[in-house]
Amino acid sequence: DAEELGVRSLSRIKIGFNNKEVTAIANITKKVVNKGKVGIFTEVKEKLEVVEGEIVEVSLASLPKSLDYIKNRLKGRKLSRNEIKEIINDVVEGRLSEVEIAAFITSLNFKGLDLDEAMHLSLAMVEAGKTLNLNKELIADKHSIGGVPGDKTTLLLVPIVASCGVTIPKSSSRAITSAAGTADRAEVLMPVNLSLDEMKEVVEKADGCIVWGGTLELSPADDIFINVEFPLSLDPLLLPSILSKKKAVGSKFVVIDIPCGWGAKIKTVEEANQLAKDFIELGEKLRIKIQCAITYGNQPIGYCIGPALEAKEALENLMGIKKSVDLIDKATDLAGMILNMAGFLNGKNLARESIKTGKAEKKLREIIELQGGNPNIKIDDIPIGSYKIDLKANEKGYVTWIDNYGLVKIARYAGAPKHKGAGIQLYKKVGDPVKKGETLLSVYAEKSGKLEEAIAILKEQKVINVGERIEMTISEIKEPEVKIEEFILER
């Protein structure tokens with residue numbers, strides 16, 4: 001049938017049924033599909049409302065105009081607002097193949113993305129999806145560009161901000177390359193797969209939520225771009241990707257967390273400052289007030305890595321059972337910035353008081369209940385993997401450095417984030433004194449086989465260094481080593 005129609009693999013075809021028509025990308029096989037038959041994916045089936053056995057009309061589709069715009073962008077020509085809008089609409093409607101989307105992403109990465117194009121991309125991505133319309137005056141949000149393990153800041157920040165009367169509709173991602181995304185951590189405490197209407201109901205009542213963005217259809221083009229960006233190890237859409245989702249929920253104030261350091265995605269303060277400048281300028285174009293915090297990224301936030309361990313640590317800090325100084329400091333700093341932008345005085349102090357008085361814990365439990373979780377959840381109700389191994393110090397001294405990437409790798413081999421109870425518990429951080437034989441960290445897994453995999457990585461990769469002083473030579477390279485760079489992509 002494909003030969004008769006002149007359809008090649010990855011060509012566009014039109015499939016029609018009952019006065020409905022869908023443009024789809026064709027896959028071709030000679031072994032499975034007989035003449036007179038076509039197989040369709042679920043999304044096409046749902047759009048056409050067709051069932052197996054029905055007769056559909058198939059014809060060759062014309063090339064979309066957006067292909068010419070992508071080719072022009074590859075040549076270095078700047079795109080207009082209407083051209084960008086057409087590209088985004090074709091991406092969302094499935095009229096462009098992954099190869100063509102990859103070409104668009106590559107053009108943005110190597111030919112540069114200016115602020116006007118970033119603004120048009122952001123607005124087009126918003127218009128192509130759904131929006132959250134809240135009857136609230138003060139709507140804020142926070143986003144971290146990621147790269148630092150154990151960053152459960154959002155689990156503290158959202159209830160802090162909401163308890164002070166500022167609305168924060170937080171949609172978050174699941175882990176792509178990390179040991180836990182915010183949605184993975186929050187899911188330990190409550191359901192996060194809410195619809196947009198369910199999200200709105202929670203936010204209207206509690207002034208805050210923590211939900212997974214994958215079910216909301218906010219800026220749907222972004223999810224398609226991420227699937228193409230990841231295998232290419234490219235991220236040219238960082239700014240419009242983040243700010244389109246903030247615009248879609250009606251945010252007026254946004255704090256962007258930019259972790260910085262050799263163990264983070266952004267390596268230098270200069271690079272962080274430039275990124276902050278771009279965020280603020282793009283925010284002005286989108287009528288969103290943005291402030292950026294350049295934060296310490298050379299070691300994990302708090303002492304836990306992995307969904308259940310991190311959810312447990314966040315709850316312990318809100319309840320006052322434990323005090324992870326860096327976690328509390330970062331959460332109250334960022335929350336304080338939001339409160340100050342919203343017109344409050346002494347935002348940092350207000351944030352600290354929210355934790356100290358129990359207001360933040362009470363608000364989190366309210367959000368948990370509204371999202372369908374157990375508002376009376378206790379620390380002991382959070383299960384951790386039953387298989388465990390400890391890493392002990394071979395000498396006394398001080399912790400001089402921690403390898404973020406190595407810790408994430410071990411936690412993922414142990415089963416995180418799929419296995420919620422898998423992960424790493426740290427007992428020492430940079431600068432802490434260490435005695436010989438003292439436990440530096442513990443690795444947890446839900447299955448013995450996964451723990452064995454994590455142990456193998458732990459044996460071959462040094463993730464925490466103990467020495468009497470900071471040594472000027474970190475390692476000696478005697479022959480070239482071919483190493484594939486690990487790409488961090490988080491939303």
Legend entry - Flag for Ser219-Lys245: side-chain donor and acceptor within less than 3.5 Å: no
Inset, instruction - Evaluate the side-chain proximity of Leu138 to Phe253: yes if any heavy-atom separation is below 4.5 Å, no if none is. - result: yes
Legend entry - Side chain Ser122, main chain Ala118, donor-acceptor under 3.5 Å: yes
Inset, instruction - Give me the ring orientation class for Phe225 and Phe104: parallel if the planes are under 30° apart, tilted from 30 to 60°, perpendicular past 60°. - result: tilted
Inset, instruction - Specify the closest pair of heavy atoms between Ala351 and Leu339, including all atoms of both residues, with the distance to one decimal. - result: N-CD1, 4.3 Å
Inset, instruction - Any salt bridge (charged side-chain N to carboxylate O under 4.0 Å, His left out) involving residues 412-424? Give me the pairs, sequence neighbours left out, ordered by first then second residue. - result: Glu187-Lys420
Legend entry - Exercise: do Asp207 and Thr167 side chains pair donor with acceptor under 3.5 Å: yes
Legend entry - Test item: side-chain donor near acceptor, Thr154 and Lys142, under 3.5 Å: yes
Inset, instruction - Can you run down the salt bridge (charged side-chain N to carboxylate O under 4.0 Å, His left out) pairs that involve residues 249-259, sequence neighbours left out, and say none if there aren't any? - result: Glu137-Lys252, Asp257-Lys330
Inset, instruction - Without swapping roles, check the side chain of Gln371 against the backbone of Pro191 for a donor-acceptor pair under 3.5 Å. - result: yes
Inset, instruction - Can you see which heavy atom on Val148 is nearest to which on Gly297, and at what distance? - result: CG2-CA, 3.7 Å
Legend entry - Sole candidate of Val161, Asp141, Val254 that passes side chain to side chain contact (heavy atoms under 4.5 Å, CB included) when paired with Ile338: Val161
Legend entry - Set of side-chain hydrogen bond (donor to acceptor under 3.5 Å, both in side chains) partners for Asn349, sequence neighbours left out: none
Inset, instruction - Would you list the pairs meeting salt bridge (charged side-chain N to carboxylate O under 4.0 Å, His left out) in which at least one residue belongs to residues 154-164, sequence neighbours left out? - result: none
List, one per line, each side-chain donor-acceptor pair under 3.5 Å for residues 385-393, sequence neighbours excluded.
from, atom 1, to, atom 2, distance (Å)
Asp390, OD1, Ser442, OG, 2.5
Lys392, NZ, Thr439, OG1, 2.9

Legend entry - Test: Lys450 and Glu446 ion pair at under 4.0 Å: no
Inset, instruction - For the pair Asp151 (side chain) and Ile301 (backbone), establish whether a donor and an acceptor sit closer than 3.5 Å, ignoring hydrogens and angles. - result: no
Legend entry - Side-chain donor or acceptor of Asp329 paired with backbone N/O of Val325 under 3.5 Å: no
Legend entry - Note: Lys348-Asp333 ion pair, threshold 4.0 Å (strictly below): yes
Inset, instruction - Specify the closest pair of heavy atoms between Leu113 and Pro236, including all atoms of both residues, with the distance to one decimal. - result: CD2-O, 3.5 Å
Inset, instruction - Report yes if some heavy atom in the side chain of Ile294 is under 4.5 Å from a heavy atom in the side chain of Asn273; otherwise report no. - result: yes
Legend entry - Considering all heavy atoms, the nearest Pro300-Leu426 contact: CG-CD1, 3.7 Å
Inset, instruction - Inspect the contact between Lys409 and Glu453 and indicate whether a charged nitrogen and a carboxylate oxygen are less than 4.0 angstrom apart. - result: no
Inset, instruction - Determine which pairs satisfy side chain to side chain donor-acceptor pair (under 3.5 Å) with at least one residue from residues 302-328, sequence neighbours left out, and list them in order. - result: Lys152-Glu313, Arg185-Glu310, Glu313-Ser324, Glu316-Lys322, Asn317-Ser324, Asp326-Lys429
Inset, instruction - Answer yes or no: is there an ion pair linking Lys362 with Glu366, defined by an N-O contact shorter than 4.0 Å? - result: no
Inset, instruction - May I ask you to decide whether Glu281 forms a salt bridge with Lys277, counting only side-chain N to carboxylate O separations under 4.0 Å? - result: yes
Legend entry - Ser195-Asp197 side chain donor-acceptor pair, cut-off 3.5 Å: no
Inset, instruction - For residues Ala360 and Pro159, report the shortest heavy-atom separation together with the two atoms involved. - result: O-CB, 3.2 Å
Inset, instruction - Taking the side chain as every heavy atom from C-beta outward, state whether Phe279 and Leu239 have any pair of such atoms under 4.5 Å apart. - result: yes
